[in-house]
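Here's the structure, in structure tokens; my notes come after.
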Amino acid sequence: MWDWSHLSLSGTPPAVPLLDAAADLLVLERNFAASLGICERGLQILSAEPTDAKCEQVKTSLCVVAIQCLVELGRWREVLPWLIQYYQTPQEMPYNIMEMCILLYGKVKQPQVMLEVSSDWLQVQANRLLPNCCRVAELHLLHILLPLGLFSDAEVLAQDSDVFTEKQRHIALALVSEHRRQWEEDEAAAATERDEHSQSESMGRTGKVQTRIQNVAHLLLRALGMIAGLIRRTPFRNAALAVLLITIILLRLDPASPAAYGPISSLLLLIRQTIASIFQRHPSRQL
């Protein structure tokens, strides 16, 4: 059984037995859905009761158990919206619930979800007077501001004398400075890696273009060699016509373009076929 000794027996809120049952279902039976349902039922009962310190304590405990159930069910994204159902504003949440939310969203790498919520909570004067405000501020600094790279905001919070003692301020400022240095080093390393990758890709593209140009040039040389042979061995008019057609085709092609490779290959085949056709039709014809 769970120890609710912080709740007085006299005037115990009616939701206390539900809190006990929900905690047992969570820890002993690991029936998270049933435990969450009991927590919600207990919170509905409390919403109809006059608000006092004891009811607030039970409400907080039910919310703590419910948050654990939502996380176990893989519904951690619903935690903050779920809490808003029972607190008019996030600034009204107790410090221990705020701590749980900061730790939760920090752990799942979603600190931006809590950035405005925890910042606003720390600005409420009533919250700043709580003994545990320092703990909330510390978690906000470590799990929200620093992971988001908000170093200026972190420095302002670290210098807040209403939240931290002089020794704590000194430690917090040193921590912010160290995280800023590490962040800048990581950014510089990432920028260098991106530049090297970009240069490597550029060199790779240049090498491919050069190879393509060499292949096209090789085909052109072969084609020109065959043209020279054709001119020496065929009638002048046929050779002149072939040269004219080839010149027109080559002038319309960009040798560096991948599109040129196929036409030039076809041209080479066409020249071979033309030579074969000429010698078949005019085997002994002279200029």
Side-chain angles (χ1 to χ4, degrees), residues 1-111 113-122 124-140 143-144:
M1 299 293 289
W2 291 78
D3 180 16
W4 310 117
S5 56
H6 59 284
L7 301 174
S8 174
L9 292 177
S10 59
T12 299
V16 170
L18 294 177
L19 174 59
D20 198 3
D24 285 340
L25 285 170
L26 170 66
V27 178
L28 301 180
E29 300 184 25
R30 299 186 63 79
N31 190 339
F32 308 121
S35 178
L36 178 61
I38 291 178
C39 289
E40 292 175 336
R41 193 186 316 161
L43 290 167
Q44 290 174 356
I45 293 173
L46 287 176
S47 64
E49 295 289 325
T51 302
D52 57 21
K54 294 176 183 178
C55 287
E56 287 299 320
Q57 289 176 346
V58 176
K59 180 179 179 179
T60 300
S61 299
L62 285 169
C63 288
V64 169
V65 174
I67 291 172
Q68 294 174 340
C69 291
L70 288 170
V71 172
E72 293 288 353
L73 291 169
R75 296 166 54 186
W76 55 268
R77 293 180 180 84
E78 303 176 28
V79 168
L80 197 56
W82 186 90
L83 289 169
I84 298 301
Q85 300 178 81
Y86 304 104
Y87 292 95
Q88 293 183 356
T89 63
Q91 292 80 9
E92 297 180 5
M93 294 180 188
Y95 70 89
N96 45 3
I97 291 181
M98 186 58 59
E99 290 176 5
M100 289 187 67
C101 290
I102 292 174
L103 289 171
L104 169 62
Y105 286 98
K107 183 177 181 180
V108 296
K109 309 299 183 184
Q110 297 290 328
V113 175
M114 288 298 299
L115 176 59
E116 184 176 353
V117 175
S118 51
S119 296
D120 291 346
W121 191 95
L122 288 168
V124 176
Q125 187 60 30
N127 294 334
R128 294 169 67 87
L129 296 175
L130 295 173
N132 298 89
C133 179
C134 176
R135 173 62 176 166
V136 176
E138 178 186 344
L139 294 177
H140 178 67
H143 299 282
I144 305 299

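Treat the numbers as computed from the prediction; the structure is a model and nothing was measured. Numbering of residues begins at 1 and proceeds along the displayed sequence.
To the nearest 0.5 Å, atoms CG (L139) and SG (C101) are separated by 11.5 Å. One finds the CD1 atom of I67 at 11.0 Å from the CG atom of L36 (value rounded to the nearest 0.5 Å). With rounding to the nearest 0.5 angstrom, the CD1 atom of I38 is 4.5 Å from the CG atom of L25. Here CG of N127 is found 11.0 Å from CG of N132. Values are rounded to the nearest 0.5 Å. Taking CD of E99 as the reference point, atom CG of L104 lies at 13.5 Å (rounded to 0.5 Å). Expressed to the nearest 0.5 Å, how far CG of L62 lies from SG of C69 amounts to 10.5 Å.
The closest donor-acceptor contact from the side chain of W121 to the backbone of M93 lies under 3.5 Å.
With sequence neighbours left out, the side chain to side chain contact (heavy atoms under 4.5 Å, CB included) criterion links V117 to L80, P90, M98, M114. Legend: residues meeting side-chain hydrogen bond (donor to acceptor under 3.5 Å, both in side chains) with T60, ordered by chain and number and at least two apart, are absent. In terms of the side chain to side chain contact (heavy atoms under 4.5 Å, CB included) criterion, residue partners of E116 (sequence neighbours excluded) are, by chain and number, D120.
Among all heavy-atom pairs drawn from C39 and A22, the shortest one is SG-CB, 3.6 Å. Here the closest non-hydrogen pair linking P14 and I45 is CG-CG2, 3.8 Å.
Among the candidates L115, I144, V79, the single residue satisfying the side-chain contact (heavy atoms from CB on, under 4.5 Å) test with Y105 is V79.
The environment of Q85 atom CD is dense: over 12 non-hydrogen atoms of other residues, nucleotides or ligands sit within 6.0 angstrom.
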Any chance you could lay out the side-chain contact (heavy atoms from CB on, under 4.5 Å) test for C63 and L43, step after step, and finish with the verdict?
CA-CA 8 Å; C63 288; L43 290 167; 4.2 Å; yes

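In this structure, Y86 and L46 have side chains that are not in contact, with every pair of non-hydrogen atoms separated by 4.5 Å or more.
The side chain to side chain donor-acceptor pair (under 3.5 Å) pairs that include a residue from residues 29-48 are E40-W82, where partners are two or more places apart or lie in different chains. The stretch residues 130-139 participates, sequence neighbours left out, in these salt bridge (charged side-chain N to carboxylate O under 4.0 Å, His left out) pairs: R135-E138. For residues 66-77, the pairs satisfying side chain to side chain donor-acceptor pair (under 3.5 Å) are R75-E78, with sequence neighbours left out.
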